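Nothing here was measured: the structure is a model prediction, and the numbers come from that model. Just the heavy atoms: all of them, side chains too, but no hydrogens, waters or symmetry mates, feed the values below.
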Amino acid sequence: MLDIIIRQANLPDGQGPVDIAIQGDRIAEIAPRIDAEAREEIDATGRLVCPPFTDPHFHMDATLSLGLPRMNVSGTLLEGIALWGELKPLLTPDAVIERALCYCDLAVSQGLLAIRSHVDVSTAPLVGVEALLEVRKQVAPYIDLQLVAFPQDGLYRAEKAEENLIRSLDMGVDVVGGIPHFERTMADGARSVTRLAEIAAERGLMLDLHCDESDDPMSRHVETLAYETTRLGLGGRVTASHVTAMHSYDNYYASKLIPLIAESGMNVVPNPLINITLQGRSDTYPRRRGLTRVPELRAAGVNVAFGQDCTMDPWYSLGSADMLEVAHMGVHAVPMTSREAMDWAFTSVTQNGAKAMGLPDPTIRKGGPASMVVLQAKDPIEAVRMKATRLAVLKHGKVLSRTAPRLATLSLPGRPETLDPASYAPVSADKPE
């Protein structure tokens, strides 16, 4: 007796329809037809079954705090940072825990089961660290939550930031973080990259820096990060997040830089929802889009994974824990509208995010983890187009969430009585170009 069989599923690689047999926390078999009984059957009816969504860049200590203690009127990154500075003294562990757990509930309903969250360690007491360590423990059965020690006010700009960072790592935080472009000088920024990379190397930890989240074409700390990654042999343990200044670099410099990033083996995590709204604020027209050079990085072989960054906090008043919304914005903002690129955008919020986080390969395969999402869409491109409803979310072979299909009832003379938005998938475009 199997635990679960998912019938007639399409897989992201184009296989399907197939049946997926689940025994315990593993996938026991994938075949066109599995003649066996199971304690539960889920009929996918030609819909997509994919790995769980991953978010390799988020700020859970601030999430769902929108309006506390006031709104970000200008909508800028700098006012968001100032507003966070006003909110931090008001934080309590219980309030941070409650908001974070509420966000995790939402994440599960959206099939988002792996999150890397930066947590501010600039100043003591380390309220956010204490709170999110507790949250990490509570959500461990259903969300892989990584925490990044993030000296948000600058490693050298904020007094005792390095001391607080080290203390947070000693408390059990997983990843070394930083923000070199927010230091007082370019030299201090470069110095912070070196110091943070050395801390990560000494401790055998991953490194994830907010790097060049700026419109300044002279903000070039990602070059230093690529150098330190190569010098210390950190490779895929390193992530450069945002790197929006790359949209302002001249093409010659970018043509030198991107091969260095690829050579280092680091990951790059743009955040389309936030970068498209925070960047370019000082421009009139023409106005820059605010995203890094995704197609060029992809072409060079760099692992690029989209992140969400914020949901209803001092920097962003929208957001819904929906990584398909992130991919959807990425398709528009980069832009990248070939079918191959849209298919890749789906991968960027599933497998690519898991790789950036150093997690096991989540691909749906025999012997692989029985963690997956059933979507109301036939393929990855359609899932991105519609930001498809998550019909079922499974982790370790257990169903965590169910949502009824989105169906409309029509009252139109001579027309169908019901409408399934997934039925609008193009017939002649089954495969990416």
task: Just do the side chain to side chain contact (heavy atoms under 4.5 Å, CB included) check on Leu318 and Thr277 with the steps written out, would you?
output: CA-CA 11 Å; Leu318 303 171; Thr277 53; over 6 Å; no
field: Stepwise side chain to side chain contact (heavy atoms under 4.5 Å, CB included) check, Met206 with Arg116
entry: CA-CA 11 Å; Met206 292 179 286; Arg116 173 179 285 181; 3.3 Å; yes
task: Assess whether salt bridge (charged side-chain N to carboxylate O under 4.0 Å, His left out) is satisfied between Glu198 and Arg231, documenting all intermediate values.
output: CA-CA 10 Å; Glu198 289 175 346; Arg231 178 178 75 89; 3.1 Å; yes
- prompt: Can Asn275 and Glu213 be said to form a side chain to side chain contact (heavy atoms under 4.5 Å, CB included), step by step?
  reply: CA-CA 8 Å; Asn275 294 155; Glu213 188 184 5; 4.1 Å; yes
field: Working for side chain to side chain donor-acceptor pair (under 3.5 Å), residues Asp43 and Thr45
entry: CA-CA 5 Å; Asp43 192 353; Thr45 61; 4.9 Å; no
- request: Any chance you could lay out the side chain to side chain contact (heavy atoms under 4.5 Å, CB included) test for Tyr227 and Leu260, step after step, and finish with the verdict?
  value: CA-CA 8 Å; Tyr227 169 77; Leu260 295 176; over 6 Å; no
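Here the closest heavy-atom approach between residue Asp212 and residue His181 is recorded as N-ND1, 3.0 Å. In plain terms, the two heavy atoms of Ala388 and Ala377 that are nearest each other are CB-CB, 3.8 Å. Ile20 and Ile364 get closest at one heavy-atom pair: CD1-CG2, 4.2 Å. Closest approach of Pro270 to Leu291, counting heavy atoms only: CB-CD2, 4.2 Å. The shortest heavy-atom contact between Ser241 and Asp208 is OG-OD1, 2.7 Å. In terms of heavy atoms, Ala404 sits closest to Leu391 at C-CD2, 4.1 Å.
Residues Leu132 and Ser117 meet the side-chain proximity criterion, which asks for heavy atoms closer than 4.5 Å. In this structure the side chain of Ile22 reaches within 4.5 angstrom of the side chain of Leu394, judged on heavy atoms. Inter-residue side-chain proximity for Glu382 and Pro426 is flagged as met; some heavy-atom pair is nearer than 4.5 Å. Within the 4.5 Å cutoff, side-chain heavy atoms of Val294 are placed close to those of Trp344.
Salt bridge annotation for Arg195-Glu228: absent, with no cationic side-chain nitrogen under 4.0 angstrom from a carboxylate oxygen. Looking at Arg26 and Asp3, no side-chain N of the basic residue comes within less than 4.0 Å of a carboxylate O on the acidic one, giving no salt bridge. With respect to Lys395 and Asp144, a salt bridge is recorded, a charged nitrogen being found less than 4.0 Å from a carboxylate O. Under the 4.0 Å criterion applied to side-chain N and carboxylate O atoms, Glu79 and Arg281 are not assigned as salt-bridge partners.
In this structure, the side chain of Gln110 engages the main chain of Ser320 through a donor-acceptor pair within 3.5 Å. In terms of modelled atom types and a separation under 3.5 Å, the side chain of Arg7 and the main chain of Ile34 share a donor-acceptor contact. A donor-acceptor distance shorter than 3.5 angstrom exists from the side chain of Thr244 to the backbone of Ser214, with no hydrogens or angles considered. The backbone N or O of Phe346 sits less than 3.5 Å from a side-chain atom of Thr350, completing a donor-acceptor pair. When atom types are taken as modelled, the side chain of Ser264 and the backbone of Met266 share a donor-acceptor pair closer than 3.5 angstrom. Of the possible donor and acceptor atoms, none in the side chain of Asp309 sits under 3.5 Å from a partner among the backbone N and O of Asn271.
Here the OG-CD distance, from Ser255 to Glu296, works out to 10.5 Å after rounding to the nearest 0.5 Å. Between atom CG of residue Leu412 and atom CD of residue Glu417 there is a gap of 10.5 Å, rounded to the nearest 0.5 Å. If you take CE on Met372 and CD1 on Ile4, they are separated by 8.0 Å, rounding to the nearest 0.5 Å. A distance of 7.0 Å separates NE2 in His396 from CG in Asp25, rounded to the nearest 0.5 Å. Taking CD of Gln308 as the reference point, atom CG of Asp322 lies at 7.5 Å (rounded to 0.5 Å). Expressed to the nearest 0.5 Å, how far CZ of Phe53 lies from CZ of Phe306 amounts to 14.0 Å.
The side chain to side chain donor-acceptor pair (under 3.5 Å) test with Trp84 is passed by exactly one of Asn72, Asp120, Asp153: Asp120. Between Ser168 and the choices Val119, Val129, Leu147, the side-chain contact (heavy atoms from CB on, under 4.5 Å) rule is met once, by Val129. For the side-chain contact (heavy atoms from CB on, under 4.5 Å) with Ile199, the qualifying choice from Leu205, Val176, Leu207 is Val176, the only one to do so.
When only modelled atom types and interatomic distance are considered, Ser248 and Arg288 share a side-chain donor-acceptor pair under 3.5 Å. With 3.5 Å as the limit, one finds no donor-acceptor pair spanning the side chains of Gln152 and Ser122. Side-chain polar atoms of His210 and His57 form a donor-acceptor pair below 3.5 angstrom. For the residue pair His247 / Asp215, a side-chain donor-acceptor distance below 3.5 Å is found, with atom types taken as modelled.
Taking a 6.0 Å sphere around CZ of Arg415, one finds it holds 12 or fewer heavy atoms contributed by other residues, nucleotides or ligands. Remark: Lys88 NZ is packed, more than 12 non-hydrogen atoms of other residues, nucleotides or ligands lying under 6.0 Å away. Heavy atoms from other residues, nucleotides or ligands lying under 6.0 Å from CD of Glu202 number more than 12.
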